[in-house]
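Working notes, beginning with the structure itself.
One is the number of the first residue; the rest follow in order along the sequence.
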Amino acid sequence: MLSLLNKSGGDKSAPRVIPWRPDFRDAASLPDTKTVRTHFFVNLIAASVTGALAIYVVQRELGVAAARGSLADVEARIAAAAPLSQKAQATYKVFQAEEAKFN
C-alpha cells in the first residue's frame, strides 16, 4: 500500500494510480460475511456455564446418594451389634460391682 501513495510533497492520501474500475457496490445491501457472530460466542459461553453447573449438581447429588447408602449400611451394622453391646455393658456393670467389693 505504501507504493500507491504519492511520493511528491502534496496530498499523501491520494493514490498514485487510479483504480481500473469504479466500485458501485451498495455496502448496506450486501449480505453479512462475518462467519461467526458474537451471539454464537455468547450462547456458547452460556451453554458451557450451564453444562458445568449441571455436572456439578449431578456430582453433588451422586455424592449425597452414596453417603445415604453408606449411612444406611452403618446404621444396619450398629443395629446388628446392639445386642452384643448391651451384653458387654451389663458385663461391665457386673465387673464394676465386683471391683468395688474387691477394693
Side-chain angles (χ1 to χ4, degrees):
M1 279 315 270
L2 292 177
S3 64
L4 295 178
L5 294 178
N6 191 358
K7 300 282 183 181
S8 64
D11 186 16
K12 300 250 187 220
S13 63
R16 187 169 32 163
V17 179
I18 298 174
W20 65 276
R21 65 182 175 93
D23 186 12
F24 292 113
R25 291 182 294 181
D26 182 13
S29 66
L30 290 175
D32 188 15
T33 57
K34 189 172 182 182
T35 307
V36 180
R37 304 301 297 166
T38 305
H39 298 298
F40 173 76
F41 290 115
V42 170
N43 290 338
L44 181 67
I45 290 170
S48 299
V49 168
T50 304
L53 184 61
I55 289 172
Y56 175 75
V57 168
V58 166
Q59 284 181 340
R60 296 280 296 202
E61 289 298 321
L62 288 176
V64 167
R68 285 183 183 148
S70 64
L71 179 65
D73 291 341
V74 168
E75 286 178 347
R77 287 177 41 201
I78 289 171
L84 292 175
S85 176
Q86 290 172 354
K87 184 179 176 184
Q89 286 176 358
T91 307
Y92 182 67
K93 296 263 186 201
V94 170
F95 174 75
Q96 282 182 331
E98 292 296 323
E99 183 185 24
K101 288 181 191 176
F102 181 73
N103 288 337

Measure across S70 and A67 and return the closest heavy-atom pair with its distance rounded to 0.1 Å.
OG-O, 2.9 Å

Fellow cluster residues of V94, listed by chain then number, with links counted only when side-chain atoms sit under 4.5 Å apart:
none

Clusters formed by hydrophobic residues whose side-chain heavy atoms approach within less than 4.5 Å: which one holds I78, and what are its other members?
V74

Could you tell me whether a side-chain N or O of S85 sits under 3.5 Å from a main-chain N or O of A81, the two making a donor and an acceptor?
no

For residues 90-101, pull every pair meeting side-chain hydrogen bond (donor to acceptor under 3.5 Å, both in side chains), keeping only residues two or more places apart or in separate chains.
Y92-Q96

Any pair with a residue in residues 66-81 that passes salt bridge (charged side-chain N to carboxylate O under 4.0 Å, His left out), sequence neighbours left out, goes on the list, sorted by first then second residue, please.
none

Taking side chain to side chain contact (heavy atoms under 4.5 Å, CB included) as the definition, give me every residue that meets it alongside T38, ordered by chain and number, with sequence neighbours left out.
K34, V42

